[in-house]
Amino acid sequence: MSDEVKTICCIGAGYVGGPTMAVIADKCRYLKVIVVDLNKDKIDSWNNEDLTKLPVYEPGLKDLIKRCRGKNLFFSTKIQQSIAESDMVFISVNTPTKQTGLGAGEASDLKYIESSARSIAEFATGNTIVVEKSTIPVKTAEVIKTILISSQKGLEKNSTKSFTVLSSPEFLAEGTAIDDLMNPSRVLIGGDSKTSINALVNIYKNWVSEEKIIKTNIWSSELSKLTANAFLAQRVSSINSISALCEKTGADIREVAKAVGMDYRIGRHFLKSGPGFGGSCFKKDILNLVYICKLYGLKEVANYWEEVLKINRWQQNRLTTIIVKKLFGTVTSKKIGILGFAFKANTNDTRESPAIKICSNLLIDGARLSIYDPKVKFDEICNNLKDLNNANGNSFKVEDFISMASSYEELANNSDAILILTEWDEFKKIEWSKIAKLMRKPSWIFDCRDIIDINDFKESDLNIWKLGFGSNVDNLK
Ligand code: UDX
Ligand code: UDX
């Protein structure tokens, strides 16, 4: 097989596929890069002249699209044709947790991986390298291979169609995706065909030094991705569990995190306490890990990782309870401002955002929410919060209880409390003395993202509650 790849295609124009292909196109101008998706609206948005309408918000993404789109980067719904003309096909479709059937609630639903593999089997021509980019359970490559090989059996003897499968999981984090792709900590490529691995290495070599490119067998590659995400999530749950203890004992979680993180064996990254981790990957990947462990009879290992998820959910419920208690035990008919709805700063992604659980809890308790988020739209928020029942079990229309605030003043006006859930830089510049005047008294700010410097408020009539900030909070007033 020739290792000269000229055209690549990526199935799935989402948060992973779109930015990843934009960076490859920018770094490899000799390649033709086609990103395909079943969703026509999404492709139309990727092709929109107005770059503020791209379906994914990522710092730096607009510039890349401007440089490459229409030159060597194309967004299309012509899946069959794009597969046929490509030497390498990336699969970057979503793999949601199964809702029904075997493994429901834990296993990943591979239906989109399967349908992508079937399309590749049918429409690919010549030698095609298939690269799994989606995070998937270990042994998924086997599913893809089986589909591709069985499609070959029906072919005529003189057919030149052939496939190899590689696993090359993406480690980008949303909000910093472009930087992560441009300067990856490592690129992982798993597979058993040296020629195909080299073909992919040759693409990455255009901007990544070779010592950062790790070659493994396919199963190690798949399992590494799940393990990396599980370890990261575990750090967040660990620090969040200690944040609760800080609040009880008078310790300050930031001081603890700093002291702990300066041990080079532990490291300082990923030790920020907050309202719990969100995003499309952590929960799903841990559930996958748990499912696989159970499948192989490793009950203790499954239980171990399950606790990381339990602490995450507990943190979100714990925060709601604190808010309700501080507001005299009830939030019914009270206006609460929510700063930030996405699962972290610098993204418009709301998947598994801690805001969903926290806002749902508050709405169920009867609160009215005024929400400000720099990138998330009202419809998206309503979609995430629908299907709620109030404390009496009666369903209610969430749209009647939430509104979008277009300014901090609107959010604060007549509110009893403001809850900071996402760490957008712009929230650090809020003039709280102005905001305080607009709120009902006593007014509360619940800072779950270490946005506020508590020393600025010692003289103010705002009540501040900071996550993990034991001694100063309850004793401040
Ligand atoms: C997803 C997974 O969540 C992640 O685990 C994996 O690593 C990569 O794929 P993401 O890009 O964030 O990540 O998902 P999403 O933004 O939902 O994009 C997936 C896209 O695939 C969607 O636009 C969807 O329309 C498209 N798709 C899905 C297809 O084009 N064909 C299909 O058969 C299924
Ligand atoms: C994660 C992994 O970092 C990335 O390598 C993988 O490819 C996909 O999953 P992502 O979910 O986009 O990326 O964002 P990440 O920065 O990891 O944050 C995940 C969640 O953890 C967010 O809700 C974030 O707010 C939270 N978090 C992160 C903390 O609460 N504290 C921290 O110190 C770090």
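Atoms within a ligand are numbered from 1 in the order they appear, just like the ligands themselves. The chain is numbered in sequence order, starting from 1.
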Going by distance alone, is a donor N or O of one side chain under 3.5 Å from an acceptor N or O of the other, for T7 and D87?
-> no

Indicate yes or no for a side-chain donor-acceptor contact from K161 to the backbone of E122 under 3.5 Å, with no hydrogens or angles considered.
-> yes

Does I11, backbone or side chain, put an N or O under 3.5 Å from an N or O of ligand 1?
-> no

Find all protein N or O atoms under 3.5 angstrom from an N or O atom of ligand 2 and list the pairs with distances, or write 'none'.
from: ligand 2; atom 1: 5 (O); to: F171; atom 2: O; distance (Å): 2.6
from: ligand 2; atom 1: 7 (O); to: E170; atom 2: O; distance (Å): 3.2
from: ligand 2; atom 1: 7 (O); to: F171; atom 2: O; distance (Å): 3.4
from: ligand 2; atom 1: 7 (O); to: L172; atom 2: O; distance (Å): 2.8
from: ligand 2; atom 1: 7 (O); to: K225; atom 2: NZ; distance (Å): 2.7
from: ligand 2; atom 1: 12 (O); to: E174; atom 2: N; distance (Å): 2.7
from: ligand 2; atom 1: 14 (O); to: K344; atom 2: NZ; distance (Å): 3.3
from: ligand 2; atom 1: 16 (O); to: K344; atom 2: NZ; distance (Å): 2.8
from: ligand 2; atom 1: 23 (O); to: G278; atom 2: N; distance (Å): 2.9
from: ligand 2; atom 1: 23 (O); to: F343; atom 2: O; distance (Å): 2.9
from: ligand 2; atom 1: 25 (O); to: R449; atom 2: NH1; distance (Å): 2.9
from: ligand 2; atom 1: 25 (O); to: R449; atom 2: NH2; distance (Å): 3.2
from: ligand 2; atom 1: 31 (N); to: K272; atom 2: O; distance (Å): 2.8
from: ligand 2; atom 1: 33 (O); to: L271; atom 2: N; distance (Å): 3.3
from: ligand 2; atom 1: 33 (O); to: K272; atom 2: N; distance (Å): 2.9

Proximal ligand 1 atoms for S115, defined as those under 4.0 Å from one of its heavy atoms = 33 (O)

Is R186 positioned over the aromatic face of F171, cation under 6.0 angstrom from the ring centre and no more than 45 degrees off axis?
-> yes

Is NZ or CZ of K283 both nearer than 6.0 Å to the six-membered ring centre of F277 and within 45° of the ring axis?
-> no

Any luck finding a side-chain donor-acceptor pair between T164 and S193 under 3.5 Å?
-> no

For N39, atoms of ligand 1 separated by under 4.0 Å from a heavy atom | 25 (O)

Do Y372 and E426 have side-chain N/O donor and acceptor atoms under 3.5 Å apart?
-> yes

Distance-only N or O hit between ligand 1 and V36, under 3.5 Å | no

Decide whether a cation-pi geometry holds between K32 and F74; the criteria are a distance under 6.0 Å from NZ or CZ to the six-membered ring centre and an angle within 45° of the ring axis.
-> yes

Test the K375-Y57 pair against the cation-pi criterion, namely NZ or CZ under 6.0 angstrom from the six-membered ring centroid and within 45° of the ring axis.
-> yes

Give the atoms of ligand 1, by number and element, whose distance to some non-hydrogen atom of K133 is under 4.0 Å.
-> 7 (O)

